Asker: 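This is the structure I have questions about; it appears just below.
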Amino acid sequence: MGSHNKQKVYALVDCNSFFCSCERLFRPEIRNKPVGVLSNNDGCFVSRTPELKALGVKMGDPYFKVRRLCESHNVHVFSSNFSLYTNISDRVMNVLARFAPSLEIYSVDEAFLDLTGMDEDLVAYGHRIRETVLQWTGIPVSIGIAPSKTLAKIANHIGKKSEKANGVVCLLDERLQDVALKRVSIEDVWGIGRKNSVKLRTLGIKTAYDFKAFKNIKVIQRTLTKLGRMTQDELRGITCYELEECRPKKKEILCSRTFSGSVVDLKSLRESVANYVTNASEKMRAQRSLCATIEVYCHSDPHKLNEVPYYGKDKVKLLGPTSDTRKIIKYAWSALDDLFKMGVCFKKAGVKLGDFSDDEVIQQSLFEELDDPRSAKLMKIVDEINRREGSGMIRSMACGVDNDSWKMRREKLSRRYVTGWAQLPKCS
DNA sequence: TCTGGGGTCCTAGGACCC
DNA sequence: TCTGGGGTCCTAGGACCC
């Protein structure tokens with residue numbers, strides 16, 4: 001064993017009840033009150049404070065089912081306000097970047113820090129990170145430190161629950177790891193979802209420790225695939241997932257929405273799809289990609305048991321890659337026209353762009369059909385204007401005007417505290 | 001009345017080739 | 001009558017994550 005094989009040390013920093021914490025920033029009076037944030041369309045809970053969890057409201061609970069409970073307990077409920085959350089997230093990440101030579105932004109509310117080789121008391125260091133983030137951004141975080149990402153997740157999980165830990169748990173010692181793993185049930189292990197935990201339980205595996213100690217690799221491979229084996233190794237302190245500092249380009253980009261009402265006419269369906277295409281292709285151009293396949297789907301309400309369910313899906317392969325919104329709308333619409341059925345109450349539609357190539361390396365001769373070079377220029381100008389003036393300033397007529405039949409519901413939206421001049425909080 | 005959205009990875013199985 | 005086998009590529013579907 002050479003010295004180059006020294007143990008990795010990762011810290012997972014995770015914002016507590018992130019969306020709720022963002023909403024609380026500008027509403028200090030709800031600091032110790034139950035708060036929840038709803039998914040798009042005000043559908044179900046996607047973020048809850050401990051006070052709301054204590055009332056028995058679960059992740060993913062549909063709002064309408066717990067509305068009475070929320071009202072009677074004065075729960076502060078918000079529609080999701082993603083421009084606010086991404087803005088706050090950027091601030092948190094900027095603070096975290098000061099504490100490690102490299103960090104991976106894993107999601108809007110989580111980051112892995114590489115603390116390998118750091119000559120410090122790591123628990124004290126964790127507390128310093130925590131205090132700084134809280135002081136500079138107002139967001140409370142929890143920190144788990146361990147030799148693998150999966151163990152760091154578990155350390156973090158325990159840090160959130162344990163009073164004594166006060167938000168920071170370090171699991172570098174194997175005996176400590178084992179004590180911790182025995183307290184974590186199998187479904188709470190990162191990478192083991194609902195289905196897989198049921199399978200593991202039939203094998204007698206109830207805790208993270210049971211899984212770590214399970215010897216029959218073939219059974220794990222067969223039931224959980226390669227990923228299950230990697231998770232098992234990670235629990236044993238073997239690093240399988242490295243820190244990914246540069247996020248790779250997306251391999252596909254999708255955009256879909258559930259409608260607030262239901263849509264029965266082709267015109268509205270087409271408008272919604274044109275909007276999703278506009279959104280997705282803007283993101284695609286931002287990462288400098290061109291797509292060669294376009295998928296479109298639309299379906300009825302799966303929750304309506306008295307209706308015959310309808311699912312329509314189609315995939316279009318282009319003769320040459322493109323990033324031209326107009327062209328993508330055209331193809332998406334022609335697919336959609338075939339999917340549309342009279343008499344169906346459509347509840348959701350979406351598009352997926354895929355089969356990406358880089359926009360710099362277009363080998364002319366390879367493709368049968370190439371974009372007019374003026375198209376890329378036009379798209380670039382449109383993107384620039386929309387970035388400056390607000391998205392949707394310039395858009396295709398295909399996106400429609402003043403048609404709300406397919407739009408989202410967002411009745412409990414907080415103000416644009418940080419992204420609109422008109423709604424900046426006032427200081428008195 | 002009312003149940004989100006955006007991603008990744010892996011495997012099995014079919015098509016095709018020699 | 002007898003009807004191979006191995007490799008590769010692609011896709012759909014399922015599982016997971018936040």
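Chain identifiers are assigned alphabetically (A, B, ...) following the order of the sequence lines, protein sequences preceding nucleic acid strands; residue numbering begins at 1 within each chain. The shown structure was predicted, so the numbers you read here are calculated from the model rather than taken from an experiment. All heavy atoms count here, side chains included; hydrogens, waters and symmetry mates do not.
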Asker: A:I145 and A:L122: which non-hydrogen atoms are nearest, and at how many Å?
Answerer: CD1-O, 3.5 Å
Asker: Would you mind reading off the distance between A:M408 atom CE and B:dT3 atom P, rounded to a whole angstrom?
Answerer: 14 Å
Asker: Taking atom P of B:dT8 as reference, at what distance in whole Å does atom NZ of A:K352 sit?
Answerer: 10 Å
Asker: Are any of A:K348's side-chain N or O atoms less than 4.0 Å away from OP1 or OP2 of B:dT3?
Answerer: no
Asker: Can you tell me which residue pairs pass the salt bridge (Lys or Arg N to Asp or Glu O under 4.0 Å) test with a partner in residues 149-159 of chain A, sequence neighbours excluded?
Answerer: A:E104-A:K149, A:E110-A:K153
Asker: What string of B, S and - do you get for nucleotides 11-18 of chain C, 5' to 3', if B is base contact, S is sugar-phosphate-only contact and - is no contact with any protein heavy atom under 4.0 Å?
Answerer: SSS-SSSS
Asker: Near DNA chain B, under 4.0 Å by heavy atom, which residues of residues 52-65 of chain A?
Answerer: A:P62, A:F64, A:K65
Asker: Checking all strands, does A:K149 fall into the base, sugar-phosphate, or nothing category for heavy-atom contacts under 4.0 angstrom?
Answerer: nothing
Asker: What parts of residues 213-230 of chain A reach DNA chain B, counting only heavy atoms under 4.0 Å away?
Answerer: A:Q221, A:T225, A:K226, A:L227
Asker: Does B:dG4 have OP1 or OP2 under 4.0 Å away from a side-chain N or O of A:S256?
Answerer: no
Asker: How many Å lie between CD1 on A:I253 and P on B:dG7, as a whole number?
Answerer: 6 Å
Asker: Going by atom types only, do A:N41 and A:T258 share a side-chain donor-acceptor pair under 3.5 Å?
Answerer: no
Asker: Under 3.5 Å for both distances, Watson-Crick or G-U wobble, that's the pair rule; now give the dot-bracket for DNA chain C, with | marking pairs to another strand and [ ] for crossing ones.
Answerer: ....||||||||||||||
Asker: Return the 5'-most residue of the pair A:V46, A:K250 with respect to DNA chain B, ranking by each residue's nearest nucleotide.
Answerer: A:V46
Asker: Run the ring pair (Phe, Tyr, Trp, His ring centres under 6.0 Å) check on A:W190 and A:Y106 step by step: do they pass?
Answerer: CA-CA 13 Å; A:W190 192 45; A:Y106 179 70; 5.7 Å; yes
Asker: Can you spot which of A:C70, A:C20, A:P62 makes a side chain to side chain contact (heavy atoms under 4.5 Å, CB included) with A:F45?
Answerer: A:C70
Asker: When the distance from OH of A:Y297 to P of B:dG4 is rounded to whole Å, what number comes out?
Answerer: 11 Å
Asker: Using the salt bridge (Lys or Arg N to Asp or Glu O under 4.0 Å) criterion, which residues pair with A:E131? Sequence neighbours excluded.
Answerer: none
Asker: Using heavy atoms and a sub-4.0 Å distance, could you list which residues of residues 302-309 of chain A are near DNA chain B? By number, please.
Answerer: A:H303, A:K304
Asker: Could you tell me how far apart A:R409 (CZ) and B:dT1 (P) are, to the nearest whole angstrom?
Answerer: 13 Å
Asker: Report, one line per pair, each donor and acceptor closer than 3.5 Å where one atom sits in a side chain of residues 340-356 of chain A; sequence neighbours left out.
Answerer:
{"residue": "A:K347", "atom": "NZ", "partner": "A:F259", "partner atom": "O", "Å": "3.2"}
{"residue": "A:K347", "atom": "NZ", "partner": "A:S260", "partner atom": "O", "Å": "3.3"}
{"residue": "A:K347", "atom": "NZ", "partner": "A:G261", "partner atom": "O", "Å": "3.2"}

Asker: So which of residues 258-272 of chain A are in contact with DNA chain B, with a heavy-atom cut-off of under 4.0 Å?
Answerer: A:T258
Asker: Give a yes-or-no answer on whether the side chains of A:Y85 and A:E23 include a donor-acceptor pair shorter than 3.5 Å.
Answerer: yes
Asker: Find the distance A:N41:CG to B:dG5:P and express it as a whole number of Å.
Answerer: 6 Å
Asker: Quick one: do the A:D265 and A:S268 side chains pair a donor with an acceptor below 3.5 Å?
Answerer: yes
Asker: Looking only at non-hydrogen atoms, find the nearest pair between A:E242 and A:T239 and report the distance.
Answerer: OE2-CG2, 4.4 Å
Asker: Could you state the CG-P distance from A:L353 to B:dG5, rounded to the nearest angstrom?
Answerer: 17 Å
Asker: Measure across A:V189 and A:A208 and return the closest heavy-atom pair with its distance rounded to 0.1 Å.
Answerer: CG2-CB, 3.6 Å
Asker: If you check every side-chain atom of A:K283, which of B:dG4, B:dT8, B:dG7 has the closest atom?
Answerer: B:dG7
Asker: Just grab all the side chain to side chain donor-acceptor pair (under 3.5 Å) pairs involving residues 277-286 of chain A, residues at least two apart or on different chains.
Answerer: A:S281-A:T325, A:R285-A:T325, A:R285-A:D383
Asker: Rounded to whole Å, please give me the gap between CD in A:E244 and P in B:dC9.
Answerer: 8 Å
Asker: Which one of A:V108, A:D109, A:N81, A:L84 satisfies the side chain to side chain contact (heavy atoms under 4.5 Å, CB included) criterion with A:F19?
Answerer: A:V108
Asker: Going by the rule side chain to side chain donor-acceptor pair (under 3.5 Å), which residues pair with A:R326 if we only count those two or more places apart in sequence or in a different chain?
Answerer: A:D324
Asker: When the C1' atoms of C:dG4 and B:dC16 are considered, how many whole Å apart are they?
Answerer: 15 Å
Asker: Judged by modelled atom types alone, do A:D14 and A:S142 share a side-chain donor-acceptor pair under 3.5 Å?
Answerer: no
Asker: Test your reading of the model: is there a side-chain donor-acceptor pair from A:N386 to the backbone of A:M393, 3.5 Å cut-off?
Answerer: yes
Asker: Which residue pairs pass the side chain to side chain donor-acceptor pair (under 3.5 Å) test with at least one member in residues 292-318 of chain A, sequence neighbours excluded?
Answerer: A:S256-A:Y297
Asker: Output the single nucleotide from B:dT8, B:dG6, B:dG4 whose closest atom is nearest the side chain of A:C44.
Answerer: B:dG4
Asker: State, to 0.1 Å, how close A:I220 and A:F211 come at their nearest heavy-atom pair, and which atoms those are.
Answerer: CD1-CE1, 3.7 Å
Asker: Search all heavy atoms of A:G36 against all heavy atoms of A:V75 and return the closest pair with its distance.
Answerer: N-CG1, 4.4 Å
